[in-house]
J.: 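I'd like to ask you about the structure that follows.
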Number of protein chains: 2
Amino acid sequence: MDSKDRQIIRALQRNGRITNQELADEVSLSPSPCLRRVRNLEKAGIIRGYSAEVDEKAYGLPVTVFVRIKLERHNEEDVQRFESHIQRIDEVLECHVMTGAIDYQLRVLVPDLEGYEDFVRARIHTIGGIASIDTSFAYGVVKKTNVLPKLS
Amino acid sequence: MDSKDRQIIRALQRNGRITNQELADEVSLSPSPCLRRVRNLEKAGIIRGYSAEVDEKAYGLPVTVFVRIKLERHNEEDVQRFESHIQRIDEVLECHVMTGAIDYQLRVLVPDLEGYEDFVRARIHTIGGIASIDTSFAYGVVKKTNVLPKLS
DNA sequence: TTAAAAATTGGCAGAAACTGCCAGTCAGGT
DNA sequence: ACCTGACTGGCAGTTTCTGCCAATTTTTAA
């Protein structure tokens with residue numbers, strides 16, 4: 001991966017549906033080698049895929065919640081159990097394993113506060129083995145981008 | 001926005017570069033009306049744009065950090081100052097305004113721990129007016145998707 | 001420094017996809 | 001039943017994609 005690949009990556013993050021011709025222009029290549037580089041990045045798994053960015057509020061899910069979870073036990077079985085459950089919950093868009101006092105942080109999307117209560121009861125507590133849940137609601141977005149910073 | 005639009009949205013979140021013909025197939029429309037719906041969703045701002053999903057590690061930024069920040073004062077001026085600074089920092093991919101004890105939560109991408117130290121010193125503390133910073137490192141991803149849940 | 005080998009590039013042409021236009025269809029209201 | 005408005009599907013000209021090959025650039029080794 002050279003600097004041209006990185007240029008391509010950042011251009012595709014800014015606009016994932018740019019045509020190959022425009023992309024080629026932007027990175028100063030002709031369409032053929034440009035497309036080949038894109039395909040190589042895809043095959044190598046560096047570009048995982050493409051996605052539409054959607055206004056969550058307009059879609060009907062205006063409430064973003066960050067949920068910080070601690071497990072009671074950390075043996076292989078309970079951890080596996082928790083993680084495989086989480087992966088199947090559609091409302092959970094992200095789940096990170098964390099260092100420090102908390103084990104996991106989730107980003108969850110719900111239609112309203114009641115929806116969140118339902119979510120915790122029906123989806124989280126039913127997993128079992130959870131020591132604590134700490135909830136923070138996000139009520140505004142200052143910044144949200146997919147474009148990775150330039151490497152210095 | 002009807003259920004067909006929602007179908008289109010979810011299909012485009014799963015694959016943002018699907019061709020219009022395949023998309024039309026998937027949602028049982030012919031290409032013309034399908035494309036028109038997509039364009040309308042774009043014009044209405046419901047589809048904000050399209051983006052490539054990139055492997056952050058392969059790109060060279062393997063460390064994800066969540067930073068929870070409290071401000072000293074919450075008057076209009078200091079808040080504006082903080083938020084406009086944050087928007088200009090490339091390493092900050094997300095910044096949410098939070099309820100509760102913390103004012104903001106940031107998602108930050110850095111190459112390593114040293115990079116994070118530099119980031120805090122050079123980018124965050126220089127803003128001024130910050131009461132506290134709480135850092136959590138993410139060292140694994142259990143789930144990460146852009147696809148919004150179906151509305152029940 | 002030179003020469004051979006490898007990787008990358010650019011152009012071309014057939015195939016695929018996009019997109020504006022128009023007539024036909026369907027749903028809701030009077 | 002009729003009218004209105006919104007939506008649909010098909011068509012055709014235009015644009016874009018993409019596999020192939022020769023030419024160029026870069027790398028490697030002598």
J.: Enumerate the ring-ring contact (aromatic ring centres under 6.0 Å, His included) contacts for residues 122-152 of chain A, please, sequence neighbours excluded, ordered by first and then second residue.
T.: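 Matches after skipping sequence neighbours: A/Tyr116-A/Phe137.
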
J.: Applying salt bridge (Lys or Arg N to Asp or Glu O under 4.0 Å), can you list everything that pairs with B/Arg123, at least two apart in sequence or on another chain?
T.: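 Listed in chain order: B/Glu91.
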
J.: Are more than 12 heavy atoms, taken from residues, nucleotides or ligands other than A/Lys144, located less than 6.0 Å from that residue's NZ atom?
T.: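 Enclosed.
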
J.: Please list residues of residues 33-40 of chain B whose heavy atoms come under 4.0 Å from any atom in DNA chain D, ordered by number; otherwise none.
T.: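 DNA chain D contact set from residues 33-40 of chain B: B/Pro33, B/Arg36, B/Arg37.
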
J.: Could you list the donor-acceptor pairs under 3.5 angstrom formed between side-chain atoms of residues 8-19 of chain B and any protein atom two or more places apart in sequence or on another chain?
T.:
from    : atom 1 : to       : atom 2 : distance (Å)
B/Arg10 : NE     : B/Leu148 : O      : 3.0
B/Arg10 : NH2    : B/Leu148 : O      : 3.4
B/Gln13 : OE1    : B/Leu148 : N      : 2.8
B/Gln13 : NE2    : B/Asn146 : O      : 3.1
B/Arg14 : NH2    : B/Glu26  : OE2    : 3.3
B/Asn15 : OD1    : B/Arg17  : N      : 2.9
B/Asn15 : OD1    : B/Ile18  : N      : 3.3
B/Arg17 : NE     : A/Gly16  : O      : 3.4
B/Arg17 : NH2    : A/Ile18  : O      : 3.0
B/Thr19 : OG1    : B/Glu22  : N      : 3.2
B/Thr19 : OG1    : B/Glu22  : OE1    : 3.2

J.: Quiz question: going by heavy-atom distance under 3.5 Å, is there a donor-acceptor pair between the base of D/dG10 and the side chain of B/Ser32?
T.: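 Checked by distance alone, the answer is yes.
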
J.: A/Arg81: what forms a salt bridge (Lys or Arg N to Asp or Glu O under 4.0 Å) with it, not counting sequence neighbours?
T.: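 Not a single residue meets the salt bridge (Lys or Arg N to Asp or Glu O under 4.0 Å) criterion with A/Arg81.
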
J.: To which residues is B/Met98 joined in a hydrophobic cluster, defined by side-chain heavy-atom contacts under 4.5 Å among Ile, Leu, Val, Met, Phe, Trp and Tyr, whether direct or through other members?
T.: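 Direct or chained contacts put B/Met98 with A/Phe66, B/Ile102.
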
J.: With a 4.0 Å heavy-atom cut-off, tell me which residues in residues 5-29 of chain A come close to DNA chain D, sorted by residue number.
T.: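 Those residues whose heavy atoms fall under 4.0 Å from DNA chain D, taken from residues 5-29 of chain A in numerical order, are A/Thr19, A/Asn20, A/Gln21.
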
J.: Of all residues at least two apart in sequence or in a different chain, which pass the side chain to side chain donor-acceptor pair (under 3.5 Å) check with B/Asp2?
T.: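 Applying side chain to side chain donor-acceptor pair (under 3.5 Å) to B/Asp2 gives B/Arg37.
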
J.: Rounded to the nearest Å, what distance is computed from the NZ atom of residue B/Lys4 to the C1' atom of nucleotide C/dC26?
T.: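 Rounded to the whole Å, the gap is 14 Å.
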
J.: Restricting to side chain to side chain donor-acceptor pair (under 3.5 Å), what partner residues turn up for B/Glu117, sequence neighbours left out?
T.: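 In terms of side chain to side chain donor-acceptor pair (under 3.5 Å), with neighbours along the sequence ignored, B/Glu117 is linked to B/Arg121.
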
J.: Where along residues 41-52 of chain A does a heavy atom fall under 4.0 Å from DNA chain D?
T.: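 Result for residues 41-52 of chain A: none.
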
J.: Which residue pairs pass the side-chain hydrogen bond (donor to acceptor under 3.5 Å, both in side chains) test with at least one member in residues 65-74 of chain A, sequence neighbours excluded?
T.: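 As it turns out, the side-chain hydrogen bond (donor to acceptor under 3.5 Å, both in side chains) pairs with a partner in residues 65-74 of chain A, which skip direct neighbours, are A/Arg68-A/Gln105, A/Arg73-A/Asp78, A/His74-A/Asp103.
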
J.: How does the hydrophobic cluster around A/Val147 look, that is, which other residues are in it when side-chain heavy atoms under 4.5 Å mark a link?
T.: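 Cluster partners of A/Val147: none, it stands alone.
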
